[in-house]
Structure formats: structure tokens, C-alpha cells
Amino acid sequence: MRDRLRIALTKGRLQDQSVELFEAMGLDCSPIRKPGRRLIHSIPNYPLDAVLAKAPDVITYVAHGACDLGIVGKDTILEHGHPFYEVLDLGFGACRFALAVKEGFDFYSSYQTRRVASKYPAFTRAFFERKGMDVSIIKIEGSVELAPLLDLADGIVDIVETGATLKANGLVPIETVAPVSARLIVNTASMKLYKSQIIDFIEKCQRELERAR
Ligand code: PRP
């Protein structure tokens, strides 16, 4: 048993909004705002230690119980599955998964096997399986918008926020696949072991989300 909860926060896009939420809840986040070279940040006025990690690592830490809680995008959850509880939709980081193609390309009328590039291959495969479509999935790590431009793929499945990246590259969204936003996740064993502390934290989050609504 530990006397402090551990939370993994997703670095980058969701990091600032996670910290802003915590500060609005009254948590002193100065150690996260000025991390130096330190990797574990102890909140001075609440029994919580925070680590910053890439989105798939947040899932790994929480799934294995290395962290009790995590904040991660629904996009990463949809790709990696649910070996944990998803307890709150935090609302921020809102965007959508979309299927996009080169402007003018008729994706659905081709009889050939379509090639679709994505950073989310499992999610993309499941989407086309539900449609009963034969699609070849190409895993891309970086800017997936490049794949149709280089004729590596006929389309992409990726997150779209403002649509600016698609537009700047002559691509158009043709179907929304799923809505995405940041979620609070909890390790299943931690939920039993640290029930009162975790409920206290979830309720604090909920109160602030309701107040800000
Ligand atoms: C995401 C996504 C798109 C872009 C969409 O990438 O993969 O490229 O944002 O945003 P927009 O609709 O507002 O243009 P991100 O910037 O998170 O970087 P990444 O490629 O490193 O994931």
C-alpha cells in the first residue's frame, strides 16, 4: 500500500489542460510546471504524484498498476483497448476520428482493395471490418497526411481537430468515425485498494467540470 496516488498525464496537447483542471481543483501544480530533469512530480497540497508520458505509455502504466490513474485521449483508448476503468469524460482535447481522402477521390466506389494509412491500425481495421470492407492497413508513425500525397494510401484515418492540416494538404474528411476527448482512467486493482482516495479525486474533478460548464 502507498500513501500517495500516482497519476500519468499525457504529454503535449492534453498536458496544459490537465494541469489547468488540477489547478482549478485547488492542486498546487508548480512541480509539474517547472519539472527540471525530475520525472516524478509530487503535488505539495494533495497526496498525488504525477508523471508525464506519451499517450500509449499512459495506458501501459495504468493497465499494469504502475500508476493508479491516467489522463489520455479516447483515440489512444480506442486503439489499445480497455484493461482499466474509464471513469470520466474530461471534455477537453475534443476532436474526432475521421476518414479522409484526396479531394475528388471516390473512396467507396472503387472495387480494388483500398489502402488506408493510420497511426491507429487496430482501430482502423475494426472500423472497416464492421463495414465488411476489404482494406489494407498501413501503419504510419508520423504525419499520416503524407501517405495519400505520396500515393502510398487511398485514404487515412486520423484525428481531426480544426481540419487545417487536411485542408493545407488537399485532403477532405468524408466520414466521421468516432468522437474523441480526454478521459480519466483508473487501474482496476487500485480502484479497490485505494477506493476512498480515488473517489475523492474523481469527485473533485467532477465538481470542477460541473462548475466550469
Ligand atoms: C494531429 C493529427 C493531425 C492534426 C490534426 O497531429 O495527427 O495531423 O493533429 O489537427 P488539425 O485538424 O487541427 O489540423 P498532432 O499535431 O497531434 O501531431 P502528431 O502528428 O505528432 O500526432
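Order of appearance sets the numbers: ligands from 1, and atoms from 1 within every ligand. On a predicted model such as this, the values are computed, not experimentally measured, just so you know.
Counting heavy atoms under 4.0 Å from ligand 1, residue Val160 touches it through both backbone and side chain.
For ligand 1, none of its N or O atoms has an N or O atom of Ile159 under 3.5 Å away. In terms of polar-atom proximity, defined here as any N/O pair under 3.5 Å, Ser143 makes no such contact with ligand 1.
None of Val58, Ile43, Leu184 except one satisfies the side-chain contact (heavy atoms from CB on, under 4.5 Å) rule with Ile7; the exception is Leu184. Each of Leu5, Val87, Leu88 was compared with Val186 under the side-chain contact (heavy atoms from CB on, under 4.5 Å) criterion, and only Val87 meets it.
Within a 6.0 Å sphere centred on CD1 of Ile199, heavy atoms belonging to other residues, nucleotides or ligands number more than 12. Remark: Tyr61 OH is loosely packed, at most 12 non-hydrogen atoms of other residues, nucleotides or ligands lying under 6.0 Å away. Enclosure of atom CD in Glu86 by more than 12 non-hydrogen atoms of other residues, nucleotides or ligands within 6.0 angstrom is indicated.
Nearest heavy atom pair, residue Thr188 against residue Phe84, reads CG2-CA, 4.0 Å.
Ring planes of Tyr120 and Phe97: perpendicular class, angle over 60° (limits at 30 and 60°).
When only non-hydrogen protein atoms are considered, atom 16 (O) of ligand 1 lies nearest to Arg13 NH2, 2.9 Å. The protein non-hydrogen atom at the shortest distance from atom 7 (O) of ligand 1 is Asp158 OD2, 2.6 Å. Nearest protein neighbour of atom 14 (O) of ligand 1, counting heavy atoms only, is Thr165 OG1, 2.4 Å. Shortest contact from atom 20 (O) of ligand 1 to any protein heavy atom: Lys119 NZ, 2.9 Å.
The contact set between ligand 1 and Glu145, taken as ligand atoms under 4.0 Å from a residue heavy atom, comprises 3 (C), 8 (O). Near Thr162, meaning under 4.0 Å from any of its heavy atoms, are these atoms of ligand 1: 11 (P), 12 (O), 13 (O), 14 (O).
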